Amino acid sequence: MSIIHRFCQLRHAGERAMQVHYDPQSIEREAQGFWDGAGSFRALEDASRPKYYCLSMFPYPSGKLHMGHVRNYTIGDVLTRYHRMRGKNVLQPMGWDAFGLPAENAAMANKVPPAKWTYDNIAYMKRQLKSLGFALDWERELATCRPDYYKWNQWLFTRLFRKGLAYKKTGVVNWDPIDQTVLANEQVIDGRGWRTGALVEKREIPMYFLRITAYAEELLAELERMSGWPEQVKLMQKNWIGRSEGVRFGFPYEIAGERKLLHVFTTRADTIMGVTFCAVAPEHPLALHAARDNPALAAFIAECRAGGVTEAEIAVQEKKGVATGLHVTHPISGGRVPVWVGNYVLMGYGDGAVMGVPAHDERDYAFALKYGLPINCVIRHPAGDDVPPPWRPEYAACGTCINSGKYDGLEYARATEVIAADLKARGLGDKQVQWRLRDWGVSRQRYWGTPIPIVHCPACGDVPVPDEQLPVVLPEDLVPDGSGNPLAKRPSFYQCACPSCGKPAQRETDTMDTFVDSSWYFARFCCPGNDRAMVDQRAQYWMPVDQYIGGIEHAILHLLYSRFFTRAMRDEGLLPGVSEPFSNLLTQGMVLAETYHRDSPEGRREWVNPAEVEVTRDAKGRIVAARRRGDGADVAYAGVGTMSKSRNNGVDPQALIDKYGADTARFFIIFASPPTQSLEWSDEGVEGSYRYLKRLWNYCVNFDRPGPAVAPGLRKATRFEIHSVLRQANYDLLKHQFNTVASAAMKILNALERLSAGRSEPVAVEGLSILLRLLSPITPHVCHRLWRELGFGSDIMQKEWPDPEPAALEQEEIDYVVQIGGKTRGNLRAPKAADQSALETLLKASELAQKYLMGKAIKRIIVVPGRLINVVV
RNA sequence: GCCGGAAUGGUGGAACUGGUAGACGCGCCGGACUCAAAAUCCGGUGCCAGAAAUGGCGUGAGGGUUCGAGUCCCUCUUCCGGCACCA
């Protein structure tokens with residue numbers, strides 16, 4: 001126990017009286033000053049040491065930190081500090097996801113430019129992050145709204161554009177007809193514009209897309225090898241990418257004497273003989289053609305244009321259709337097939353048209369019943385050869401073809417092969433792989449984002465801005481007014497010369513989706529200050545991120561876009577050999593709080609912040625009443641929900657830090673639930689965390705006081721307990737189950753207090769040194785201070801992480817659990833090394849046997865070594 | 001609607017790879033200290049019955065597998081996340 005020697009020496013060198021009361025404010029100020037002065041968190045590339053790049057998702061600078069941020073960064077900080085003490089060269093950076101819609105909304109509300117609002121928020125939130133004591137390397141800070149960052153968005157975009165990985169086509173947006181502006185999905189509430197209340201329409205406009213589908217196969221295949229990601233996230237991404245194998249083919253038709261094909265994709269080509277109609281999207285060219293002399297159809301298409309663009313909205317709307325009056329030819333039978341327009345057919349998926357096989361597809365079945373279309377059963381399914389209503393899932397099962405002419409008797413796989421071959425022979429189609437994943441539309445008709453670096457020239461077309469003219473700088477003095485993009489109203493921005501021919505041209509005024517910014521910031525953190533390249537060789541050292549931490553709500557979009565961008569950058573030669581940005585992913589749960597409301601006699605509901613509510617409990621601790629502290633008004637408890645403005649149940653981290661200090665906030669957040677689960681806020685729980693840190697402080701204050709002599713048995717038992725708890729805590733750390741690590745710290749303090757001994761007892765000295773180190777990633781300030789006060793050393797972070805000592809864990813005897821007849825009946829103390837027959841003998845001689853086995857025949861005895869004896873009677 | 005999760009005492013959660021359900025906290029009850037309060041400390045606390053010993057029940061609901069199920073399988077309910085322009 002060399003630590004005790006050093007401990008005693010240091011202690012004598014720096015003796016001074018310890019502050020009696022736990023004062024988090026002064027402790028935290030001093031510890032943060034120490035780290036700043038020592039440059040403790042500056043990360044330097046060092047090829048001789050194993051690196052650990054720990055990254056929490058950077059925040060949107062919305063104004064002030066919310067509890068979700070505190071949780072996210074505390075989790076990251078625990079990992080960072082743990083791995084430092086395990087000897088890794090750790091990088092933990094921080095930056096700002098600084099472009100986005102809220103800045104424009106705030107600008108409209110306050111008439112302040114988004115730039116000023118954003119920079120002010122960044123300054124405030126940075127102070128808050130610092131007060132929480134996170135081990136961040138602030139020299140790598142970045143903000144995506146700075147030209148030195150978004151320049152590289154533009155630079156990469158021009159590369160992708162020249163490669164064809166960025167291209168232009170039309171896309172569908174929400175259109176507010178009153179404000180004459182494009183709305184984000186969240187700005188559409190019940191189908192109406194949030195500011196105008198006007199019914200929102202779909203509108204097709206030209207936009208730029210990034211060809212993420214070019215990487216679909218790779219993005220899907222690599223998922224299988226990503227062992228550091230949660231299965232549920234990988235599964236969601238797999239389903240999102242949505243690879244399906246099927247047949248794409250055309251139904252021939254003639255229009256104005258011209259022979260054309262109506263293309264569809266199906267995974268059930270075996271049902272082709274059951275096709276009784278085709279359905280096309282309302283935006284499909286065939287629908288638009290037919291609507292020209294069909295007012296009813298035109299009205300239906302107009303009706304489909306109303307409403308939002310989200311998949312959820314489209315999925316829940318009533319499935320409706322109208323016949324176009326047009327027919328196409330069945331590619332095998334040659335029969336006439338009517339073409340309908342269906343509001344459930346998506347133009348963005350496949351060819352915007354589907355074949356209708358009512359007998360074997362639930363949606364087609366409902367559609368056919370509704371509009372009286374024929375239903376022809378062509379598959380023998382588990383429930384028979386017929387498909388009487390109501391719909392049963394068996395109808396969609398794969399089976400043998402019937403009523404299908406030459407295909408009769410073929411089963412699914414064979415039928416698909418033969419039919420695909422026949423279609424191919426006729427030049428109408430072939431087998432094809434289809435993806436659910438769509439290309440990424442990055443154009444936004446908004447001001448506060450990265451300008452898309454394209455110039456529209458009447459002579460040369462769309463010309464990418466040359467490197468020497470980058471960045472295209474976003475003016476920071478504009479204030480949007482809700483009626484479209486202010487950039488489009490500022491000639492000094494959009495008027496320019498064509499980079500190609502020099503003639504007058506117009507600059508693109510759309511900006512990029514903010515997901516572009518967040519798709520590569522992790523690589524930029526590796527290369528701060530480089531104004532000549534997007535990333536440099538320093539990224540080779542740090543990338544990929546070893547541990548990424550963020551909300552589960554990003555499971556698909558942000559993470560998939562980042563995986564795509566990393567590959568695009570790899571193929572651009574920027575990140576050689578790096579395909580996956582994040583080796584390990586931890587998805588944290590939401591932060592919840594209690595909700596209370598008060599309903600006025602007029603029926604208005606007012607949400608009351610939990611901080612203002614006082615509850616009354618019954619003898620068992622159940623909440624029986626709640627009232628508002630201010631006016632004593634009765635309020636109703638409405639369960640827990642995610643912290644939100646609308647339910648007024650947010651808890652301000654700043655108030656918490658001011659009252660209890662950062663360590664208490666960090667401890668509670670870690671202790672209250674495991675990182676991946678939702679966390680329920682509790683003021684009492686925070687009090688409990690504060691109480692624990694005070695207890696720890698008091699124990700250390702009294703550490704020098706002489707205590708009673710410790711009995712050898714208690715000494716051994718305490719040491720066993722502390723090392724057992726440590727072993728479990730180290731295991732839990734690897735699982736990222738930090739709440740039980742906090743519990744472990746509590747258990748160790750409990751054991752030390754039971755020991756009633758201080759400095760004179762080696763087990764107490766050893767136990768305390770383990771406790772402070774185990775706790776230091778969670779509550780770094782108080783552990784830093786106590787480590788120094790007690791003379792363990794000058795910097796706890798420089799000390800190695802504790803591991804249990806095998807000798808301390810040795811036991812000669814253990815308590816076996818005894819089950820008799822399926823019930824747990826007690827314990828049997830037995831030598832650890834006892835074998836089955838020895839245990840049986842011991843058991844039969846025990847009191848338990850006397851009590852529970854008298855007169856019973858033993859059928860079998862099952863022994864789980866080191867754990868349990870189960871007697872089957 | 002589709003995809004992915006979750007559900008354990010009054011409460012947050014714990015329980016190894018199928019092996020004593022409720023660790024560690026919070027709350028509540030009782031006690032110590034105090035003129036009193038706060039703070040702190042000590043003890044108790046799954047539910048039901050019982051004076052107790054003890055017995056029965058118990059991990060969202062219902063079935064199943066197993067010597068043994070919170071854990072594995074099937075069906076269902078409720079809640080949460082995502083659904084491509086919130087970030």
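Every value quoted in this text rests on a predicted model; they were computed, and no experiment measured them. By convention in this document, chain letters (A, B, ...) are assigned in the order of the sequence lines, proteins followed by strands, and residues within each chain are numbered from 1.
- Nucleotides B:U71 and B:G81, compared at atom P, are 26 Å apart to the nearest Å.
- Annotation: B:A14 and B:G22 have their P atoms spaced 15 Å apart (nearest Å).
- The interatomic distance linking A:Trp681 (CH2) with B:U11 (C1') rounds to 16 Å, in whole Å.
- A side-chain donor from one of A:Ser673 and A:Arg71 sits under 3.5 Å from a side-chain acceptor of the other.
- Nearest to the side-chain atoms of A:Pro102 among the listed nucleotides B:C86, B:G68, B:A23 stands B:C86.
- Note on A:Pro674: only backbone sugar-phosphate atoms sit closer than 4.0 angstrom, heavy atoms only; bases stay farther off.
- Which of B:A14, B:C67, B:C26 sits closest to the side chain of A:Ile862 comes down to B:C67.
- Within the structure, every side-chain polar atom (N or O) of A:Lys694 is placed at least 4.0 Å from both OP1 and OP2 of B:A39.
- Atom-to-atom, CZ of A:Arg438 to C1' of B:C2 comes out at 13 Å; the value is rounded to the nearest Å.
- Look at CZ on A:Arg754: it is 8 Å from P on B:C24, rounded to the nearest Å.
- Remark: the separation of the P atoms in B:C24 and B:G62 is 31 Å, to the nearest Å.
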Requested in this report: Take A:Tyr548 and A:Trp229 through the ring-ring contact (aromatic ring centres under 6.0 Å, His included) test and state the conclusion after the steps.
Outcome: CA-CA 10 Å; A:Tyr548 196 39; A:Trp229 279 40; 8.5 Å; no
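- Closest to the side chain of A:Leu235, from the set B:G27, B:C67, B:G4, is B:G4.
- Note: CE (A:Met746) to C1' (B:A14) measures 13 Å, nearest angstrom.
- Spacing between atom CD of A:Gln677 and atom C1' of B:A14 amounts to 11 Å, rounded to whole angstrom units.
- Side-chain contact annotation: A:Glu687 with A:Tyr660, donor-acceptor N/O pair under 3.5 Å present.
- Side-chain contact annotation: A:Asn185 with A:Thr310, donor-acceptor N/O pair under 3.5 Å absent.
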**Report entry** Verdict with reasoning, A:Val182 to A:Trp175, per side-chain contact (heavy atoms from CB on, under 4.5 Å)
**Finding:** CA-CA 5 Å; A:Val182 175; A:Trp175 181 255; 3.9 Å; yes
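- Applying the 90° criterion around 0 to the glycosidic angle, B:G9 comes out syn.
- Across all strands shown, A:Ser443 has heavy atoms under 4.0 Å from base atoms, whether or not it also approaches the sugar-phosphate.
- Within the nucleic acid shown, A:Leu592 has no heavy atom closer than 4.0 Å to any nucleic acid atom.
- Side-chain proximity of A:Val817 to B:G4, B:A84, B:U20: nearest is B:U20.
- Here B:G27 is the nucleotide among B:G27, B:G13, B:G12 with the atom lying nearest to any side-chain atom of A:Glu684.
- A:Tyr60 comes within 4.0 angstrom of sugar-phosphate atoms only, judged by non-hydrogen atoms across all strands, and of no base.
- Side-chain N/O atoms of A:Gln836 and A:Glu840 include a donor and acceptor closer than 3.5 Å.
- Distances from the side chain of A:Asn239 to the nucleotides B:G4, B:A14, B:C67 place B:G4 closest.
- When the side-chain nitrogen and oxygen atoms of A:Ser673 are compared with OP1 and OP2 of B:G12, none of them lie within a distance under 4.0 Å.
- Between A:Thr181 and A:Asp176, the side chains place no donor N or O within less than 3.5 Å of an acceptor N or O (distance only, hydrogens not considered).
- To the nearest whole angstrom, the two C1' atoms, one in B:A84 and one in B:U78, are 28 Å apart.
- For A:Tyr731, whose side chain is taken as the heavy atoms from C-beta onward, the closest listed nucleotide among B:U20, B:U17, B:G4 is B:U17.
- Residue A:Thr824 places at least one side-chain N or O under 4.0 Å from the OP1 or OP2 atom of B:A21.
- Taking the charged nitrogens against the carboxylate oxygens, A:Glu104 and A:Arg444 have no contact shorter than 4.0 Å, which rules out a salt bridge.
- B:G46 and B:A52 have their P atoms separated by 14 Å, given to the nearest Å.
- Between A:Arg691 and B:G27 there is a side-chain polar atom (N or O) within less than 4.0 angstrom of OP1 or OP2.
- In this structure, A:Gln737 reaches the sugar-phosphate backbone alone: every heavy-atom distance under 4.0 Å involves primed, P, OP1 or OP2 atoms, never a base.
- Residue A:Gln232 is the one, among A:Gln232 and A:Asn698, whose nearest nucleotide of RNA chain B lies closer to the 5' end (criterion: closest heavy atom).
- Of the C1' atoms belonging to B:C26 and B:U45, the separation is 13 Å, rounded to the nearest Å.
- Note on A:Val233: nothing from the nucleic acid sits closer than 4.0 angstrom, heavy atoms only.
- Comparing atom distances between the A:Asn870 side chain and each of B:C67, B:C86, B:A84 picks out B:C67 as nearest.
- With hydrogens and angles ignored, a donor-acceptor pair closer than 3.5 Å exists between the side chain of A:Gln819 and the base of B:G19.
- Comparing B:U17 with B:U65, their P atoms are spaced 26 Å from each other, to the whole Å.
- Electrostatic pairing of A:Glu283 and A:Lys202 does not count as a salt bridge here, judged by no charged N lying under 4.0 Å from a carboxylate O.
- A distance of about 16 Å separates the P atoms of B:G13 and B:C80, rounded to the whole Å.
- Looking at A:Asp510, A:Thr511, A:Thr509 one by one, the single match for side chain to side chain donor-acceptor pair (under 3.5 Å) with A:Gln445 turns out to be A:Asp510.
- Residues A:Trp520 and A:Asn153 have side chains that bring a donor and an acceptor to within less than 3.5 angstrom of each other.
- Within the 4.0 angstrom heavy-atom criterion, base atoms lie near A:Gln445.
- Contact annotation for A:Leu101: backbone-only contact, meaning every heavy-atom pair under 4.0 Å involves sugar-phosphate atoms and none involves a base.
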Distances for protein N or O near nucleotides 76-83 of chain B N or O, under 3.5 Å:
| unit_1 | atom_1 | unit_2 | atom_2 | d |
| --- | --- | --- | --- | --- |
| B:C83 | O2' | A:Glu311 | OE1 | 3.4 |
| B:C83 | O2 | A:Glu311 | OE1 | 3.4 |

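- Within 4.0 Å (heavy atoms only), A:Asn750 reaches sugar-phosphate atoms of the nucleic acid but no base atom.
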Report task. For RNA chain B, produce a single dot-bracket line, 5' to 3'. Pairs: Watson-Crick or G-U wobble, both distances under 3.5 Å. Symbols: ( ) within strand, [ ] crossing, | other strand, . unpaired. Result -> (((((((..(((......[....)))((((((.......))))))((((....))))..(((((..]....))))))))))))....
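- Distances shorter than 4.0 Å separate some side-chain N or O of A:Asn739 from OP1 or OP2 on B:A14.
- Atoms CE (A:Met108) and P (B:C86) sit 14 Å apart, rounded to a whole Å.
- Aromatic ring pairs are classed by plane angle as parallel below 30°, tilted from 30° to 60° and perpendicular above 60°; the pair A:Phe515 and A:His558 is parallel.
- Under the 6.0 Å cut-off for aromatic ring centres, A:Phe99 and A:Tyr150 qualify, their centroids lying closer than that.
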